[in-house]
Number of protein chains: 2
Amino acid sequence: MARKSYPGGMSTTPTTDWLRLDQQICFSLNAASRAFGGVYRVVLKDLGLTYPQYLVMLVLWEHGDLPVKKLGEHLRLDSGTLSPLLKRLEAAGLVRRERSARDERSVEVRLTEEGTAMRERALEVPRRIATATGFDVDEIRALRARLDDLTTALDAAVAEETGGGR
Amino acid sequence: MARKSYPGGMSTTPTTDWLRLDQQICFSLNAASRAFGGVYRVVLKDLGLTYPQYLVMLVLWEHGDLPVKKLGEHLRLDSGTLSPLLKRLEAAGLVRRERSARDERSVEVRLTEEGTAMRERALEVPRRIATATGFDVDEIRALRARLDDLTTALDAAVAEETGGGR
DNA sequence: CACAATTCAATTGTGCACAACTGAATGGCC
DNA sequence: GGCCATTCAGTTGTGCACAATTGAATTGTG
């Protein structure tokens, strides 16, 4: 871990170094994301949920019943991911899916009794996760803010490169 | 509910509901990770690589030929993920897989000429990614350090809960 | 040497992410 | 009213992550 002193200034960054694995922010992010997955796998086992399923439940607990489209907007997921996931939640008895009466294209995702009741048991999850991080609340908040900045910038960059830059 | 003071009585934390989606660090991390995936998808399209394939190539460029096991240690991936991925890289002509002569259990992953040559074209990737983040080098390094701390803490927590606490 | 435990890559099975497409329902516009 | 673009959920196909298992090769121990 020595070498590579970018003296403080940012301008002099030898190109050769950039490919170094440990320099890759993406790698760290990816690793952290998967490490989180591992913790959630353990913590959520009692509830019988996967991590993406848990995120869906969080949205439903917070916002109540939602059409698939809205659910996807909250989670940045499309129907290709949500449709099978919701089927599994339905098979587990946590949600029902009902075609909307006023718009037959839309499917309403509704919590069942059992799905609603699960919230009580889930209240402990975030605290256990926070403890596992070893970060205090302010640190978590600061990191989260940085990550959200990053996401915003990256989405903008993609939009520019694929959609807008024409 | 909530408001139970935290691991050290850290400040008040007025967060009434920890279940709120936007409080979830995991969500931010997950979103950032997928946003990165989107940028890489665009940037790597020219090379014909996916992001995990690119990570494998990075390791090989840095460390030279490696057995599957070592590759997995660098990337935190097991053979269940690597075996099919390496087959695709082999089909693309970027690597060869050869059973080790001195240990027939092991499979050496070797760069082909074409795989080695690709490095030149890949040199531009990290810069394009860095630009897309909108962060300068110091910010990136700071964020990366935080993420690595996080990963270390999370891995330790999982190990404690599943392996060590016996 | 024999044999049990371990190591290693591969395979199987489940679940997620995402692009591309399908097909039905809707809404705007003449 | 009839037509066409759009919206929405679902399906298909590819690729990754990971747990669990398999089977061959190797190592450790007596």
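Chain identifiers are assigned alphabetically (A, B, ...) following the order of the sequence lines, protein sequences preceding nucleic acid strands; residue numbering begins at 1 within each chain.
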Salt bridge (charged side-chain N to carboxylate O under 4.0 Å, His left out) partners for Arg99(B), two or more places apart: none
Sequence-distant partners of Lys69(B), salt bridge (charged side-chain N to carboxylate O under 4.0 Å, His left out), two or more places apart: Glu73(B)
Touch class at under 4.0 angstrom, heavy-atom based, for Lys87(B) against every strand present: sugar-phosphate
Selection from dA10(C), dA17(C), dT11(D) that lies nearest to any side-chain heavy atom of Arg97(B): dA10(C)
Value in whole Å for how far the C1' atom of dT7(C) lies from CD of Glu73(B): 12 Å
Thr151(B) and Arg34(A), any side-chain heavy atoms less than 4.5 Å apart: no
Check the interface with nucleotides 18-20 of chain D: list each N/O to N/O pair with the protein under 3.5 Å, or write none.
residue: dC18(D); atom: OP2; partner: Arg34(A); partner atom: NH1; Å: 3.1

With Arg146(A) via side-chain hydrogen bond (donor to acceptor under 3.5 Å, both in side chains) - residues at least two apart: Glu139(B)
Under-4.0 Å side-chain N/O to phosphate OP1/OP2 contact, Lys45(B) with dA19(C): no
DNA chain C-proximal residues of residues 99-108 of chain B, any heavy atom under 4.0 Å: Arg99(B), Arg105(B), Ser106(B), Val107(B)
Flag, side chain of Ser33(B) to backbone of Ser33(A), donor-acceptor distance under 3.5 Å: no
Between C1' of dA9(C) and CG of Leu86(B), the distance in whole Å: 10 Å
Rounded distance in Å - CG (Leu85(A)) to P (dT11(D)): 14 Å
Can I get a per-line list of side-chain donor-acceptor pairs under 3.5 Å for residues 38-56 of chain B, giving both atom names and the distance, sequence neighbours left out?
residue: Thr50(B); atom: OG1; partner: Gln53(B); partner atom: N; Å: 3.3
residue: Tyr51(B); atom: OH; partner: Cys26(A); partner atom: O; Å: 3.1
residue: Gln53(B); atom: OE1; partner: Thr50(B); partner atom: N; Å: 3.1

side-chain hydrogen bond (donor to acceptor under 3.5 Å, both in side chains) against Asp149(A), all qualifying residues, sequence neighbours excluded: none
dG10(D) OP1/OP2 closer than 4.0 Å to side-chain N/O of Lys69(A): no
d(CG, Leu44(B); P, dC18(C)) in whole Å: 15 Å
Sugar-phosphate only, base, or nothing, as touched by Thr50(B) at under 4.0 Å among non-hydrogen atoms: sugar-phosphate
Distance, rounded to the nearest Å, where Leu82(B) contributes CG and dA17(D) contributes P: 8 Å
For Arg110(A), salt bridge (charged side-chain N to carboxylate O under 4.0 Å, His left out) partners two or more places apart: Asp65(A), Glu98(A)
Atom-to-atom span, CD of Gln53(B) to P of dA17(D) - whole angstrom: 10 Å
d(CG, Leu29(B); P, dA17(C)) in whole Å: 13 Å
Between C1' of dA17(C) and CZ of Phe36(B), the distance in whole Å: 17 Å
For dC8(C), the Watson-Crick or wobble counterpart (both distances under 3.5 Å): dG23(D)
By ring pair (Phe, Tyr, Trp, His ring centres under 6.0 Å) - contacts of Phe135(B) (at least two apart): none
